[in-house]
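Scroll down for the structure; my scribbles are underneath it.
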Amino acid sequence: MYEDIPHTYPYDIPMRRPVAWVTWFLVGTTVAVFLLQLIALHIFNDDVVGNALAFSPPAMAEHHYYTLITYAWAHAVAMFGDSGLFWLHIVSNMIPLICLGPALEEILGHARYLGLYLGGAIASVLVWYALNLHEDEPIIGASGAVFALIAAIGTAVPRARVTVFLFYVLPLRMSMRTLALSICGVELASIFFRWMPEIAHSAHLGGAAFGFLYVLAMRRGSQREYLSD
């Protein structure tokens with residue numbers, strides 16, 4: 001994928017690839033929290049860890065502002081009402097984080113990349129919150145932050161090529177721009193046709209919008225620095 005990154009992009013990519021420690025920190029801490037959720041679920045027969053970290057309108061009303069971030073570290077311990085699918089939510093978020101995170105971290109740098117991830121998490125949940133003010137259901141998961149990464153890399157290196165396995169089986173070769181637009185298109189269709197209403201599609205799009213705008217802002221900032229030299 002790296003050979004397709006245009007040399008004109010404002011961020012210099014070093015010849016020796018640095019360790020993507022932010023990505024691995026995010027993956028490691030998220031998996032650790034999920035393991036704590038499973039342990040607590042086994043002990044208390046309730047997802048007490050996930051409930052404490054989850055964001056919800058009542059949590060905002062009670063000034064639990066920390067949940068704007070912590071919700072992204074918790075994941076569902078059952079999907080579609082099936083406890084046997086306890087792994088599905090976290091796996092579907094960690095796979096794109098592992099696959100795309102290191103390349104994007106190398107392009108943006110550690111600090112800017114971390115800002116993108118955290119900002120994407122906050123922006124996505126605020127979009128969801130604005131559309132669900134009268135709901136009591138909580139929201140958890142790193143999907144919004146991951147969508148910010150997908151949109152960001154699709155904006156930063158739109159012509160870079162990547163192989164995507166549709167349904168984890170069928171390999172499809174496409175550009176990063178096509179990947180980002182396709183995934184966001186599916187989210188829009190899901191909202192319009194009300195597919196899988198238990199999934200926070202609006203949060204995904206909020207994260208994607210943040211990722212797109214974040215990279216544009218970084219690019220303009222880099223150009224201003226160049227012109228001022």
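Residues: numbered from 1 along the sequence shown. The structure presented is a predicted model; accordingly, all values stated were derived computationally and were not measured.
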### Message
Starting from Val125, can I reach Leu131 by hopping between I/L/V/M/F/W/Y residues whose side chains sit under 4.5 Å apart?
### Response
no

Do any side-chain atoms of residues 190-199 form donor-acceptor pairs under 3.5 angstrom with protein atoms, and if so which ones, sequence neighbours left out?
| residue | atom | partner | partner atom | Å |
| --- | --- | --- | --- | --- |
| Ser190 | OG | Val186 | O | 2.8 |

#### Entry: Check: Thr155/Tyr214 side-chain N/O donor and acceptor closer than 3.5 Å
no

### Message
Looking at Ala74, is its backbone amide N or carbonyl O close enough to the side chain of Gln37 to form a donor-acceptor pair, meaning the two atoms are under 3.5 Å apart?
### Response
no

### Query
Do Ser175 and Arg161 come within less than 4.5 Å of each other through their side chains, counting heavy atoms only?
yes

#### Entry: Aromatic plane relationship, Trp128 with Phe55 - under 30° parallel, 30 to 60° tilted, over 60° perpendicular
perpendicular

### Tyr71 to Ala121 - nearest heavy-atom pair and separation
OH-O, 2.5 Å

### Task
Would you check if Trp73 and Thr30 make a side-chain contact, meaning some heavy-atom pair closer than 4.5 Å?
yes

### Message
Nearest 0.5 angstrom please: Ile95 CD1 to Ile90 CD1, how far?
### Response
11.0 Å

#### Entry: Pairwise distance CG(Leu126) to CG(Leu68) - rounded to 0.5 angstrom
5.5 Å

### Query
Taking a hydrophobic cluster as the set of Ile, Leu, Val, Met, Phe, Trp and Tyr residues connected by side-chain heavy atoms closer than 4.5 Å, whether directly or through intermediates, do Leu41 and Val49 fall within one such cluster?
yes

### Task
Evaluate whether atom CG of Asp82 has more than 12 neighbouring non-hydrogen atoms of other residues, nucleotides or ligands under 6.0 angstrom away.
yes

#### Entry: Heavy-atom pair of closest approach, residues Leu118 and Ile69
O-CD1, 4.0 Å

### Message
What I'd like to find out is whether the side chain of Thr70 reaches to under 4.5 Å of the side chain of His64, using heavy atoms alone.
### Response
no

### Summary
Separation between CZ (Phe34) and CG (Asp47), nearest 0.5 Å, reads 8.5 Å

#### Entry: Closest non-hydrogen atom pair, Gly154 against Ala180
CA-CB, 4.3 Å

### Same cluster (ILVMFWY, side-chain, under 4.5 Å), Leu172 and Val157
yes

### Task
State yes or no: do Trp24 and Leu26 share one hydrophobic cluster built from I, L, V, M, F, W and Y residues joined by side-chain heavy-atom distances below 4.5 Å, directly or via other members?
yes

Check residues 138-149 and write down every donor-acceptor pair under 3.5 Å in which the side-chain atom is one partner and the other belongs to a residue at least two apart or another chain.
| residue | atom | partner | partner atom | Å |
| --- | --- | --- | --- | --- |
| Ser143 | OG | Asn93 | OD1 | 3.0 |
| Ser143 | OG | Asn93 | ND2 | 3.2 |

#### Entry: 4.5 Å side-chain heavy-atom contact, Pro57 and Leu133
no

### Message
Nearest 0.5 Å, please: how far is CD in Glu105 from CZ in Phe25?
### Response
12.0 Å

### Query
Does a side-chain heavy-atom distance below 4.5 Å link Leu116 with Leu104?
yes

### Message
Please give me the minimum heavy-atom distance between Leu205 and Cys184, naming the atom from each residue.
### Response
CD2-O, 3.8 Å

#### Entry: side-chain contact (heavy atoms from CB on, under 4.5 Å), paired with Pro102, selected from Ile107, Leu97, Thr23, Val19
Thr23

## Note on the structure
Taken to the nearest 0.5 Å, the spacing of Tyr129 OH from Ile122 CD1 works out to 14.5 Å

### Task
Could you tell me which non-hydrogen atom of Met176 sits nearest to which non-hydrogen atom of Leu100, and how far apart they are?
CE-CD2, 3.7 Å

### Message
Please find the pair of heavy atoms, one from Met79 and one from Leu88, that lie closest to each other, and give the distance.
### Response
CG-CB, 4.1 Å

### Message
Surrounding OH of Tyr66 (heavy atoms of other residues, nucleotides or ligands, distance under 6.0 Å), is the total greater than 12?
### Response
yes

### Query
According to a 4.5 Å side-chain heavy-atom criterion applied to Ile, Leu, Val, Met, Phe, Trp and Tyr, with indirect links allowed, do Phe212 and Val215 form part of one hydrophobic cluster?
no

### Query
Between OG of Ser124 and NE2 of His204, what distance do you get to the nearest 0.5 Å?
8.0 Å

